[in-house]
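Numbers restart at 1 for each chain; the letters A, B, ... are given by sequence-line order, proteins then strands. It should be emphasised that the depicted structure is a prediction, and the values quoted were computed from it without experimental measurement.
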Protein chains: 2
Amino acid sequence: MNDQDIIEQLRQDVAGQCACQKIRKASRTITRRYDDALKPFGLTGNQFTMLTIISLADKVTLSRLAEIIGMERTTLIRNLKPLERAGLVTIATEESRRAKHATISSQGLNTLAETLPVWRKTQASLKADLGDKTWQVVHQGLDAIS
Amino acid sequence: MNDQDIIEQLRQDVAGQCACQKIRKASRTITRRYDDALKPFGLTGNQFTMLTIISLADKVTLSRLAEIIGMERTTLIRNLKPLERAGLVTIATEESRRAKHATISSQGLNTLAETLPVWRKTQASLKADLGDKTWQVVHQGLDAIS
DNA sequence: TCAATATTAGTGCATATACACATATTATGA
DNA sequence: TCATAATATGTGTATATGCACTAATATTGA
């Protein structure tokens with residue numbers, strides 16, 4: 001197959017069709033919005049997510065937490081470090097000597113209380129930009145993937 | 001506002017609703033599939049995307065390339081490094097001494113030719129898992145975001 | 001009991017992401 | 001012409017991501 005054939009196929013089949021390309025692009029776009037909004041509070045969007053889930057599922061093991069978030073276990077372990085350093089969560093062993101639990105601190109809850117209005121505003125702004133119908137459709141699709 | 005109120009609001013409004021959380025989770029899931037499939041060829045899904053776009057838009061400046069891919073400029077510059085090291089693309093200045101252009105090499109085109117069937121298979125497998133309707137809906141939604 | 005197995009967490013390595021800031025080059029207008 | 005503005009790339013720092021591999025602890029079954 002010659003070069004022009006390859007390029008033609010890439011143009012026809014890949015460009016504008018690749019799910020990996022599309023979802024990564026959209027993820028970057030949306031992440032930037034949330035990161036920017038949360039920046040004054042020293043949180044990223046991802047950290048806000050981890051903090052929220054930890055606050056709702058207190059004292060789950062790190063492995064279980066990774067499952068819930070849909071994040072590779074070792075990725076989660078590293079991503080918790082900044083939250084731990086900032087005193088927003090505590091990582092400790094209890095009962096078992098191997099399993100560890102993540103627990104939100106009172107400071108962590110305070111941060112969530114502070115950032116909740118900002119999250120609401122960001123979420124609403126995005127929803128407004130996309131329109132109700134697209135918003136619905138996007139959420140359904142993303143739920144199906146995960 | 002007390003802790004229980006906060007947690008209740010997080011449960012009601014944030015959990016399962018946050019667009020940032022959902023799209024990042026879905027992005028991780030899909031990326032893992034493409035990364036895994038392309039691994040034998042030494043490419044990530046993201047690299048496959050960059051390679052494809054460079055092959056179709058030859059000799060665009062790095063800034064323009066970043067725009068097309070929807071990636072922060074400095075991120076793109078760093079992400080190109082592995083491709084350059086592997087000899088799949090060339091980064092060089094032409095005409096202007098400040099602007100740089102990315103050009104795909106013949107080796108890069110060969111790699112694309114090799115990986116194209118794998119990409120097709122991965123894309124088809126994902127589409128099959130999601131079903132035609134969800135697939136359509138996801139793509140529409142992601143296009144709207146970007 | 002205790003050896004084999006399963007479970008849980010952690011490290012090394014490489015890529016991915018973007019903001020703040022810096023540097024280099026080109027274009028513009030007084 | 002030449003100072004200023006605009007444009008283009010690059011670096012420092014920090015977070016995000018996951019695979020391969022390792023280490024420690026708990027469980028199970030002969």
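Using a 4.0 Å heavy-atom cutoff across all strands shown, B:Thr31 reaches no nucleic acid atom at all. Among the heavy atoms of the strands lying under 4.0 Å from B:Lys39 are primed sugar atoms or P, OP1, OP2 only; no base atom is included. A:Thr74 comes within 4.0 angstrom of a base, heavy atoms only. Base contact: A:Thr75 has a heavy atom under 4.0 Å from a base atom. Among the protein residues, B:Thr44 comes within range of the sugar-phosphate backbone only, with heavy atoms under 4.0 Å from sugar or phosphate atoms but none that close to a base. Counting any heavy atom pair closer than 4.0 Å across all strands shown, B:Arg64 reaches no nucleic acid atom. If you check every strand for non-hydrogen atoms under 4.0 Å, A:Arg73 touches a base. Among the protein residues, A:Arg78 comes within range of the nucleic acid bases, having at least one heavy atom under 4.0 Å from a base atom.
Between B:Arg97 atom CZ and D:dA6 atom C1' there is a gap of 17 Å when expressed in whole angstrom units. Regarding B:Leu80, its CG atom lies at a distance of 13 Å from the P atom of D:dT11, rounded to whole Å. When rounded to the nearest whole Å, the span between CD1 of B:Ile23 and P of D:dA16 equals 17 Å. Atom CG in A:Leu38 sits about 15 Å away from atom C1' in C:dA18, given to the nearest Å. Straight-line distance from the CD1 atom of B:Ile77 to the C1' atom of C:dT17: 13 Å, rounded to whole Å. As rounded to whole Å, 10 Å separates atom P of D:dT17 from atom CG of A:Asp35. For A:Ile69 and D:dT15, the CD1 to C1' distance is 15 Å, given to the nearest whole Å. Atom NZ in A:Lys100 sits about 20 Å away from atom P in C:dT7, given to the nearest Å.
Minimum atom distance to the side chain of A:Gln47 is reached by D:dT15, of the listed D:dT15, C:dG10, D:dG10. Taking every side-chain heavy atom of A:Pro82 into account, D:dA16 is the closest of D:dA16, C:dA18, D:dG18. Of the candidates D:dG18, C:dC19, D:dG10, the closest approach to any side-chain atom of A:Glu72 belongs to D:dG18. Comparing atom distances between the A:Arg85 side chain and each of C:dT15, D:dT15, C:dT26 picks out D:dT15 as nearest. The side chain of A:Arg28 lies closest to C:dA18 when the candidates are D:dT17, C:dT8, C:dA18.
One cannot find a donor-acceptor pair under 3.5 Å joining the base of D:dT9 and the side-chain atoms of B:Arg98. For D:dG18, its base never sits under 3.5 Å from the side chain of B:Arg33 at any donor and acceptor pair.
Using modelled atom types, one finds a donor on one side chain and an acceptor on the other under 3.5 Å when comparing B:Gln12 with B:Glu8. Side-chain contact check for B:Arg24 and A:Thr31: at least one donor-acceptor pair (N or O, by modelled atom type) lies under 3.5 Å. Between the side chains of A:Glu72 and A:Thr74, at least one donor N or O lies within less than 3.5 Å of an accepting N or O. Side-chain polar atoms of B:Arg120 and A:Gln9 form a donor-acceptor pair below 3.5 angstrom.
For the OP1/OP2 pair of D:dA16 and a distance below 4.0 Å, the side-chain nitrogens and oxygens of A:Lys81 include no atom meeting the criterion. Of the side-chain N and O atoms in B:Asn46, none sit less than 4.0 angstrom from OP1 or OP2 of C:dT15.
Closest-nucleotide positions on DNA chain D for B:Arg32 and B:Ala99 were compared, and the one nearer the 5' end corresponds to B:Ala99. When each of A:Ser63 and B:Asn79 is assigned the nucleotide of DNA chain C bearing its nearest heavy atom, the one mapping closer to the 5' terminus is A:Ser63.
Salt-bridge check for A:Lys25 with B:Asp143: failed, with every basic side-chain N at 4.0 Å or more from each acidic carboxylate O. With salt bridges taken as basic N to acidic carboxylate O contacts below 4.0 Å, none links A:Asp35 and A:Arg28.
Under a 3.5 Å cut-off, the side chain of B:Thr111 and the backbone N or O of B:Gln107 do form a donor-acceptor pair.
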